[in-house]
Amino acid sequence: MSDTPSDISHDQHAVRRQKLAEMRAGGFDPFRASFATTHFSAGALGAYVDGQDNAVSVSVAGRLVVIRDMGKSQFVKILDQQGPIQLYVKKDVVGDEAYAAFKKLDLGDIIGARGALFKTKTGEVTVRVERSVLLAKALRPLPEKWHGLSDPEQVYRQRYLDLIVNAESRARLQRRSRVVSHIRRFLEERSFIEVETPVLEATAGGAAARPFVTHHNALNVDLFLRIATELRLKRLLVGGFDRVFEIGRIFRNEGVSRRHNPEFTMLEVYEAYSDYRGMMKLVRDLLTGLVRDVIKPDDGSLKIRHAASGQDIDFGGEWREVRYKDLVLSTTGDAGWFQRPKAEKIARAESLGLVVDPTWEEFEITNEIFSKKIEPTLIQPTFVTHLPKELCPLAKLNAEDPTVLDVFELTIGGMEIAPAYSEQNDPDVQREMFEHQAGGERQNVDQDFLLALEHGMPPAGGMGVGIDRLCILLTGAESIRDVILFPQLRPGGGAA
RNA sequence: GGGCUGGUAGCUCAAUGGUAGAGCAGUUGCCUUUUAAGCAAUUGGUUCUGGGUUCGAAUCCCAGCCGGCCCA
C-alpha cells in the first residue's frame, strides 16, 4: 500500500514515466509517432454543417487539457493554436483495446484524433473519435485547471505553461503578433521597404541611452548593441531608399520595470519628401487601422478601455494637437515660466512634488514637469508639438521659432507612443547639434553619419513607435512583461 | 539603488508562537452526451536557503536567494 517504497501514486512525474516505460515495453513509443491534421480547432468547428451530424470528418491534434471520464465513454478537450475543441471517445466506437489505451492518457499529453463532427445535446460541436494516437507524453503535470497559473515568476519563466492554461495570455500575445503583422502590411501597401540594419555597432547613436557593450574577438574591438535604428535608416534615405522601415530589437542597458525591458521592439519609419505633419496622418491611419482591424472593439467603435484611468480612449474622435509650451504654462500656472530663473523653476517643480537634481539644465527641469505631471494626464490621443530644441538633436528647427522643433510626440493613455520629426538634413546644423550634445552627455559623434548627410539626404518625416508600449495600450495589459513572450528576469531562481 | 510586500503539496490558497490543512491534479473503484461533470475512498510536505530567539517557529528576529508593487 502506501508505505511500501514502490508506491509512486503521489508522484505525478514518476507515474507518467512509468506509463511511458510500459508503452515502450509494449512496443509503442509516442515520441516516434506522427500525425496528419486536416484542421486546427477553430477551423474544424467552422467546418461543421449545422444540423448535419457525422457529415464532416476532421483530423485534429493538440494538448489534452480537459478529461471528463464517464466509464465507458469520455469527453475530453484538446488545445491547439486556435483554442480548444472537444472530443468524444466511446468504447464501442473505438474498441476495447484503443479505449483502454485512451483511458491511460494524462492531462497535458499531446494527441491526434480523427472522427466526424456532431453536436452534443448541450450544443457543443464535438469530434466523435474513431482513431486517436498519442503524439507526445507529458511527463510533468499541468497547473491547476480552474485558476490557471498565477505566480508571476512562473508565468514569465515558464511562459509555455502560461500559454497552455491562461487563455487571456494566449490571446494577448497572439494579438501582439497580429499587431506587428498589420503594421508590416500597412507600410508595404504604402510602398515602404522593410530593411534590417546592424544590431552590433561601433557607435551607439540615435538616442540618449546607456548601451550594452560586447566584444568582437576576430576584429578585437568592443561593439555596442544598438539603442536606435535611426542613423542607419537615414543613411538609406541618402542611398535612395525613399520609404523605409525597420521593426527591430533595441537594447538599452537600463532598469527593468513595468514599462521597461532591456530589449524591446521599435518600429522606425522614414519617408522622404514628407515631414512631421505627414507622419501625423500616417500614424493616425496606422493606429485607427490597428484598432479597427486587429482589436475590433465589440461595439464597432474605435474605443479602447484604458484600465488605469477608467476612460475609453477614442481613436475615432478628434486627435488633439497642442504645443508643449502651452501645456507647461497651464500646468505650472505661470505665464512667465520660460523666463523664470533656474532657482524659481526648481522651487516651483518641487512644489509640484518633483525631485529636481540641481545640476540639471533648465530644459530638463521643464521636461521633468512634462513627463511626470503632464504626460500621464494625456489619455486621449494627443499630438504634443513644438518641443524645445534641446530635446531632440536629430530634428529640424522650426522656421519661425528656432527655439522649438518641427516634431510631435504622440501620447496616448498617458504614455509616449510615437515621437516623429521633420528630420534634420542640414549636415552643418546636425554636426553642431551633435557636438553640443556630446559636450554634456559625452555621446559619441557618428562621423560617418555626418559624412552621409554631406552627400545630401532628402527632406523627410520620420517616426518611431514603441511596439511593446503600443501593445500594452491596445491589449489593456498592465505591464510590458505581459506583452513580451519572454521578459527579462534575473537568471537562476524560480523554476526547477 | 531605496521603501513596502511575498515565497507552504504539481497548481490555487488556508493555518493566535502549540499535531501543517482544503480545492484541483494524482492513485483506486462506480458511471456510454459531459461543461470547473458527478459519487466514494485515498496518497502526497526540507513551509525558498542559512543562522538566531524560544520549552516549542510556516508564524518572531537577522542575513541571503528569487519575485511583485511603488519611488529614484
Side-chain angles (χ1 to χ4, degrees), chain A residues 1-19 53-54 64-79 83-96 99-100 102-109 115-129 138-158 160-162 164-167 210 254-260 308 350 353-357 360 364 368 371-372 376 478-482 487-496:
Chain A
M1 291 259 310
S2 63
D3 53 356
T4 64
S6 60
D7 180 10
I8 52 156
S9 70
H10 64 277
D11 183 342
Q12 304 190 48
H13 184 218
V15 167
R16 288 164 183 238
R17 278 211 172 273
Q18 193 171 58
K19 286 184 184 177
D53 283 0
N54 307 317
L64 207 39
V65 290
V66 172
I67 297 176
R68 286 193 273 269
D69 182 351
M70 292 172 299
K72 295 186 181 61
S73 75
Q74 28 185 314
F75 283 97
V76 304
K77 284 189 180 171
I78 60 171
L79 180 73
I85 184 168
Q86 181 165 263
L87 313 180
Y88 182 52
V89 187
K90 214 171 155 184
K91 187 173 184 177
D92 50 20
V93 171
V94 298
D96 292 1
Y99 192 75
F102 200 90
K103 282 196 93 142
K104 289 209 172 103
L105 296 177
D106 290 301
L107 286 174
D109 288 352
L117 295 169
F118 74 106
K119 194 175 260 186
T120 66
K121 69 179 185 186
T122 51
E124 179 161 356
V125 175
T126 300
V127 179
R128 188 187 309 275
V129 174
L139 295 170
R140 301 281 179 177
L142 247 30
E144 211 250 5
K145 65 179 173 186
W146 185 238
H147 300 92
L149 184 66
S150 61
D151 172 12
E153 185 168 0
Q154 213 173 341
V155 164
Y156 301 137
R157 286 195 199 276
Q158 294 183 276
Y160 46 91
L161 293 179
D162 176 51
I164 293 165
V165 299
N166 293 332
R210 181 136 55 106
E254 289 161 4
V256 178
S257 78
R258 222 156 52 92
R259 291 276 164 81
H260 299 86
E350 286 176 341
L354 299 173
V355 181
V356 178
D357 184 330
W360 282 355
E364 291 176 296
E368 181 72 1
S371 57
K372 292 288 161 56
E478 290 179 3
S479 165
I480 196 169
R481 287 185 284 264
D482 297 327
Q488 190 66 50
L489 295 184
R490 192 179 287 276

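Here is how names work: the chains are called A, B, and so on, in the same order as the sequence lines, proteins then strands, and each is numbered from 1.
Base pairing analysis places B:U8 opposite nothing; no Watson-Crick or G-U wobble pair with both distances below 3.5 Å involves it. Here B:G38 sits opposite B:C30 as a Watson-Crick or G-U wobble pair (both hydrogen-bonding atom distances under 3.5 Å). Base pairing annotation: B:U49 forms a Watson-Crick or G-U wobble pair with B:A63, both donor-acceptor distances under 3.5 Å. Across all strands shown, B:G1 pairs with B:C71; the Watson-Crick or G-U wobble distances both stay below 3.5 Å.
Here CG of A:Leu64 is found 8.5 Å from CG of A:Asp106. Values are rounded to the nearest 0.5 Å.
Put simply, the side chain of A:Asp69 and the base of B:U34 share no donor and acceptor less than 3.5 Å apart. With hydrogens and angles ignored, no donor-acceptor pair under 3.5 angstrom links the side chain of A:Glu144 to the base of B:A25. A donor-acceptor contact under 3.5 Å links the side chain of A:Gln86 to the base of B:U34. Side chain A:Ser150 to base B:U12: no donor-acceptor pair is found below 3.5 Å.
When the options A:Gln74, A:Lys72, A:Lys103 are evaluated for a side-chain contact (heavy atoms from CB on, under 4.5 Å) with A:Lys91, the one that passes is A:Lys72.
Checking side-chain atoms of A:Tyr156 against main-chain N and O of A:Gln488 turns up no donor-acceptor pair under 3.5 Å. The main-chain N or O of A:Lys119 is found under 3.5 Å from a side-chain atom of A:Asp53 such that the two form a donor-acceptor pair.
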Dump every N/O contact between nucleotides 70-72 of chain B and the protein below 3.5 Å, one line per pair.
from, atom 1, to, atom 2, distance (Å)
B:C70, OP1, A:Arg258, NE, 3.1
B:C70, OP1, A:Arg258, NH2, 3.1
B:C70, OP2, A:Arg258, NE, 3.0

